[in-house]
Asker: 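Below is the structure I would like to discuss, written out as structure tokens.
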Amino acid sequence: LLYTHNKYTTMESKIIFALDVYDYNTAMELARTVGEKVFAIKINWPVILENGIKIVRDLSKYANIICDFKLADIDNTVSMITTKVKEYGGYGIISHSFTGLNSLKAVVKSAGNMKVFSVVSMSQESYLDNITEELIKISREAGVYGLVAPGNRPYYLKKVKELSEGLKIISPGVGAQGGDIVNAMLLGSDYVIIGRSIYNSLDPLGTLEGFSSSINNKLNK
Ligand code: 3DU
């Protein structure tokens with residue numbers, strides 16, 4: 001198999017798989033199973049804390065990897081982290097935006113051609129709900145590629161969509177956290193992030209395909 005850029009997807013997928021497991025073999029096996037049926041695989045601290053950053057390179061064999069590190073620090077530190085993710089072949093990185101324009105700009109700069117997504121609203125109530133508009137403004141000014149907004153809280157997803165001016169929206173909160181995939185897409189998500197509903201199911205690939213066909217059935221009519 002030859003891997004060139006954007007090599008993974010044999011079909012257009014609207015799903016980002018949240019691979020929140022610890023074990024290396026489990027992670028690799030899940031990635032191998034669903035890799036070509038998803039837009040990307042999102043990893044978070046659980047898999048990194050157990051395996052280190054090198055797993056980004058290993059997983060990249062199967063899918064675009066988005067590192068959900070929710071960066072929230074000064075410019076130098078977020079820059080150092082972003083640089084490391086890039087070195088290991090990350091496709092994208094997720095940063096907070098409440099730390100302000102300077103930090104977020106540092107992420108975008110160090111990311112180079114990696115996609116930067118910034119969190120502007122969480123899937124649970126948080127202080128960010130008071131400042132979502134400002135966070136979108138900061139994000140746009142910093143030049144991010146996309147925004148993270150909840151797929152299980154219609155009011156906030158709609159609000160983010162209205163102010164997003166073409167930035168991509170990726171949405172957690174579908175499945176285990178109660179959000180509905182079709183509602184989220186209708187309200188403006190470009191991609192939905194799904195973790196537990198897929199990796200805890202007895203048939204991850206079948207479950208994933210079920211989510212995909214529910215989008216295709218409802219949205220392509
Ligand atoms: O609830 P799930 O298992 O489908 O996983 C959702 C993923 O998205 C998980 O990695 C979580 O850390 C991340 N996420 C949220 O759930 C909510 C947010 O506001 C931001 C990220």
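Remember, it's 1-based here, ligands and their atoms both numbered in the order they're listed.
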Asker: Any atoms of ligand 1 less than 4.0 Å from a non-hydrogen atom of Asn44? List them with their elements.
Answerer: 10 (O), 12 (O)
Asker: Checking a contact table here: which protein heavy atom is nearest atom 16 (O) of ligand 1, and how many Å away?
Answerer: Gln177 NE2, 2.8 Å
Asker: Give me the residue, atom name and distance of the protein heavy atom closest to atom 18 (C) of ligand 1.
Answerer: Pro172 CG, 3.5 Å
Asker: Are Ile74 and Leu104 connected, step by step, through hydrophobic side chains (Ile, Leu, Val, Met, Phe, Trp, Tyr) whose heavy atoms are closer than 4.5 Å?
Answerer: no
Asker: Under a single-linkage definition using a 4.5 Å side-chain heavy-atom cutoff for Ile, Leu, Val, Met, Phe, Trp and Tyr, are Ile169 and Tyr155 assigned to the same hydrophobic cluster?
Answerer: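 Shared cluster, no.
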Asker: Could you find the nearest protein heavy atom to atom 20 (C) of ligand 1 and give me its residue, atom name and distance?
Answerer: Lys70 CE, 3.5 Å
Asker: Quick one: which of Ser164, Ser95, Ser118 gives a side chain to side chain donor-acceptor pair (under 3.5 Å) with Ser139?
Answerer: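 Among the candidates, only Ser118 passes.
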Asker: Students should be able to answer this: which protein heavy-atom is nearest to atom 17 (C) of ligand 1, and at what distance?
Answerer: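 Result: Ser123 OG, 3.0 Å.
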Asker: Please test Ile66 against Lys115 for side chain to side chain contact (heavy atoms under 4.5 Å, CB included), starting from the C-alpha separation and ending with a verdict.
Answerer: CA-CA 8 Å; Ile66 298 174; Lys115 312 269 192 254; over 6 Å; no
Asker: Enumerate the atoms of ligand 1 whose separation from the nearest heavy atom of Lys42 is less than 4.0 angstrom.
Answerer: 7 (C), 8 (O), 9 (C), 10 (O), 13 (C)
Asker: Please could you name the atoms of ligand 1 that Arg196 approaches to less than 4.0 Å, counting only its heavy atoms?
Answerer: 1 (O), 2 (P), 3 (O), 4 (O)
Asker: Give me the one residue out of Val85, Ile41, Ile55, Ile93 that meets side-chain contact (heavy atoms from CB on, under 4.5 Å) with Ile65.
Answerer: Ile41
Asker: Which of the atoms in ligand 1, numbered in the order shown and given with their element, are less than 4.0 Å from a heavy-atom of Asp20?
Answerer: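 What qualifies from ligand 1 is 9 (C), 10 (O).
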Asker: Note the single closest protein heavy atom to atom 4 (O) of ligand 1, along with its residue, its atom name and the distance in Å.
Answerer: Gly195 N, 2.8 Å
